[in-house]
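Structure, as structure tokens:
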Amino acid sequence: MMKILVDADGCPVVAETIGTAGRHGVSVTLLCDTAHEMHRDGAETVIVSKGADAVDFLLVNRVSPGDIVVTQDYGLAAMVLAKGGRPIDQNGRLYTEDNIDSLLMSRYVSKKVRDAGGRMKGPKKRRPEANLRFERNLDALLSGFAEEAAPEERNEE
């Protein structure tokens with residue numbers, strides 16, 4: 001049975017995920033570390049000890065083909081795709097085999113620039129429209145109409 005796993009550390013769309021999943025009768029599991037511990041009605045919470053990528057590794061071990069994963073982490077999204085999951089970011093962008101390589105490359109290039117002392121623009125201020133786009137695209141995934149989801153928008157990790 002399909003489930004939704006949320007990389008909940010700093011995720012701005014937890015309430016939207018739980019609400020949309022509830023309308024479809026799909027379970028939600030929030031995965032977070034002890035620094036971001038949260039509990040929400042309508043979702044199971046799994047808390048792990050703080051550590052580099054601890055939540056990511058637990059999440060990847062729990063994902064099954066067809067599961068939906070909410071994350072803004074490109075590396076985690078790539079691992080989810082490899083396991084047959086359906087990753088979506090907090091702005092409603094669907095990670096796919098067609099876009100994940102370019103997203104990972106842009107992350108790599110940005111890191112190289114920062115490591116060399118350069119500066120990169122940060123993400124744009126979050127707008128309410130992002131939540132609506134997220135809900136619409138999550139609903140499309142849950143309804144089996146992901147191909148009809150709104151066009152992707154470029155945003156940096």
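Side chains are part of it too, since the values below use all heavy atoms of this structure and drop only hydrogens, waters and symmetry mates. In this text, all values refer to a predicted model and were calculated from it rather than measured experimentally.
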Mind checking whether Ser64 and Lys3 have side chains closer than 4.5 Å, heavy atoms only?
yes
Polar side-chain atom of Ser143 near backbone of Ala140 as donor-acceptor pair, under 3.5 Å:
no
Say whether Asn137 and Arg93, considering side chains only, have a donor N or O and an acceptor N or O under 3.5 Å apart.
no
Distance only, no hydrogens: is a donor on one side chain within 3.5 Å (strictly under) of an acceptor on the other, for Asp89 and Gln72?
no
Does NZ in Lys50 sit with more than 12 non-hydrogen atoms of other residues, nucleotides or ligands closer than 6.0 Å?
no
I'd like to know if Leu138 and Ile18 are part of one continuous hydrophobic network [Ile/Leu/Val/Met/Phe/Trp/Tyr, side-chain heavy atoms within less than 4.5 Å].
yes
Please tell me if the side chains of Ile4 and Leu142 come closer than 4.5 Å, counting only heavy atoms from C-beta onward.
yes
Sorted by chain and number, sequence neighbours left out, side chain to side chain contact (heavy atoms under 4.5 Å, CB included) with Glu129 holds for Arg127
Determine whether Asp139 and His24 make a side-chain contact, defined as any pair of heavy atoms from C-beta on separated by less than 4.5 Å.
yes
Would you please name every residue forming a salt bridge (Lys or Arg N to Asp or Glu O under 4.0 Å) with Asp115, sequence neighbours left out?
Lys111
With Pro87, the side-chain contact (heavy atoms from CB on, under 4.5 Å) member among Thr96, Leu94, Val80
Val80
In Val46, Val69, Asp67, the residue satisfying side-chain contact (heavy atoms from CB on, under 4.5 Å) with Arg62 is Val46
Which residues pass the side-chain hydrogen bond (donor to acceptor under 3.5 Å, both in side chains) test with Asp56, not counting sequence neighbours?
none
Answer whether the closest heavy-atom distance between the side chains of Phe134 and Ile88 falls below 4.5 Å.
yes
Say whether, by atom type as modelled, one donor and one acceptor occur between the side chain of Asp9 and the main chain of Asp33 under 3.5 angstrom.
yes
